[in-house]
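Right, one structure below, let's go through it.
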Amino acid sequence: MFAHRFMACTCIGTMHKKSPEIRMTKKSNSPTDARQDRDAKARGQKLGQQLKSLYKEVADEPVPDEFFMLLDQADQASKSDEADD
Amino acid sequence: MKPMTDTALSDADFKRELAAIIPDLRAFSRSLCNNAALADDVAQEAMLKAWKARNRFQAGTNLKAWCFTILRNHFYSEKRRSWRSQPLDPEVAEATLIASDDASQNIELLAVRNALEQLPDDQREALVLVGAGGMPYEEAAGICGCAVGTIKSRVSRARKSLEALLNDPSNSYNSDSNIAGSEVFEDIMDQANTIASQ
């Protein structure tokens, strides 16, 4: 029993020391500061997701056929160039 | 015959790998041009330039980063001045709005796109490559031709500016305001009319 409780305390103590949030939020003693920090972090994460969505939105579109046509044409042209050599 | 070395891909392999990164070329180009049709022109030209230069590509290195460098150089050397002056493509804005079922999410995305457009070029491209495209800092630095530390600070400054723009209550696209979808559509139609009357 005692040993368990002691270990639990040690664990929590270690987590506090290692937690980057605790280290980075200097002097955020008041609950308001802590909430603002959390909000800022959440906004940052949301922005990151939105940026990825914007990029993915275009990347996920079907590629217009014109791209493949042009690439095929260029490929054919270089093949006939080689044949001429 | 073209010279074949150990480090060159065969034409067939190169073509296949190049075709596979077209979606990324289009996405990066769209972030530079912000106009769907013009962005595709730039992406196509970059793709053809990459094809022509294929013998200079070293197999095993990053084809996407190599092509992005070509696309970026092409964009800045040829098109920048005339293309940046193009108004926001109404079709792009509308496509963003109808992209998903969640209307408020779409409006927020449109707001991010508009805010992104207001960033300086160097900050926008850094944020798009790293933040949106998920590219490592080292590769983004290689593409933009600058130091890794420079890219890191540009990404950081871009994020801060973007957040400030999105949270500024004086911006009509502030994501926290209760802007109605119909107002956004009206705005888009106004833009479309302006373009049509030019």
Side-chain angles (χ1 to χ4, degrees), chain A residues 16-85, chain B residues 1-2 11-12 14-16 18-31 36-37 39-41 43-45 47-52 54-55 92 95-96 99-100 105-106 108-113 115-116 127-135 158-160 162-163 166-167 175-176:
Chain A
H16 269 260
K17 253 182 240 159
K18 282 190 175 166
S19 166
E21 280 168 64
I22 304 288
R23 253 191 297 127
M24 284 171 71
T25 54
K26 39 175 197 287
K27 305 280 181 224
S28 62
N29 296 326
S30 78
T32 323
D33 284 350
R35 202 187 61 224
Q36 279 173 354
D37 287 340
R38 260 203 320 275
D39 289 351
K41 203 181 164 193
R43 273 202 306 275
Q45 281 175 349
K46 189 179 172 191
L47 184 60
Q49 282 162 4
Q50 287 173 325
L51 286 168
K52 287 192 177 78
S53 303
L54 279 180
Y55 185 93
K56 211 171 163 298
E57 196 180 279
V58 183
D60 286 350
E61 283 173 12
V63 173
D65 290 340
E66 211 182 336
F67 279 86
F68 300 114
M69 269 167 42
L70 286 168
L71 191 53
D72 282 340
Q73 276 171 15
D75 187 22
Q76 290 303 321
S78 53
K79 275 178 185 147
S80 58
D81 281 352
E82 277 181 29
D84 291 342
D85 285 347
Chain B
M1 286 290 284
K2 69 190 177 65
D11 278 1
F14 188 89
K15 188 180 169 187
R16 197 184 54 246
L18 182 58
I21 60 158
I22 292 174
D24 284 292
L25 288 177
R26 295 185 71 233
F28 182 42
S29 189
R30 187 85 63 92
S31 76
D40 268 356
D41 285 348
Q44 282 170 6
E45 285 154 10
M47 176 188 75
L48 293 176
K49 274 176 178 281
W51 173 259
K52 282 197 188 114
R54 64 194 179 281
N55 289 336
V92 171
T96 306
S100 94
Q105 195 192 337
N106 292 338
E108 284 181 5
L109 271 188
L110 183 61
V112 175
R113 191 195 290 283
L116 205 52
L127 189 60
V128 166
L129 290 171
V130 176
M135 206 161 252
R159 286 195 75 116
K160 278 187 193 131
L162 209 52
E163 285 187 30
L166 291 167
N167 290 318
S175 61
D176 292 333

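Note on naming: letters A, B, ... go to the chains in the order of the sequence lines (proteins, then strands), and numbering restarts at 1 for each one. Model, not experiment: these values are computed from the prediction.
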Between B:R26 (side chain) and B:A43 (backbone), is there a donor-acceptor pair under 3.5 Å?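 It does not hold such a pair.
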Counting only N and O atoms by type, is there a donor-acceptor contact under 3.5 Å from the side chain of A:D75 to the main-chain atoms of A:L71?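 Not a single qualifying donor-acceptor pair exists.
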Applying side-chain contact (heavy atoms from CB on, under 4.5 Å), can you list everything that pairs with A:D60, at least two apart in sequence or on another chain?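 With neighbours one apart ignored, the set is A:K56.
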Sequence neighbours excluded, which residues qualify as side chain to side chain donor-acceptor pair (under 3.5 Å) partners of A:R35?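 A:R35 satisfies side chain to side chain donor-acceptor pair (under 3.5 Å) with no residue once adjacent residues are dropped.
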Side chain / backbone / both / neither for B:L25 at chain A, heavy atoms under 4.5 Å: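 For B:L25, no heavy atom lies under 4.5 Å from chain A.
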Most heavy-atom pairs under 4.5 angstrom with chain A, which of B:P23, B:G133, B:A132?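 Answer, by heavy-atom pair count under 4.5 Å with chain A: B:A132.
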Between B:L116, B:L18, B:L162, who has the most heavy-atom pairs with chain A when the cutoff is under 4.5 Å?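 Winner by heavy-atom pair count: B:L162.
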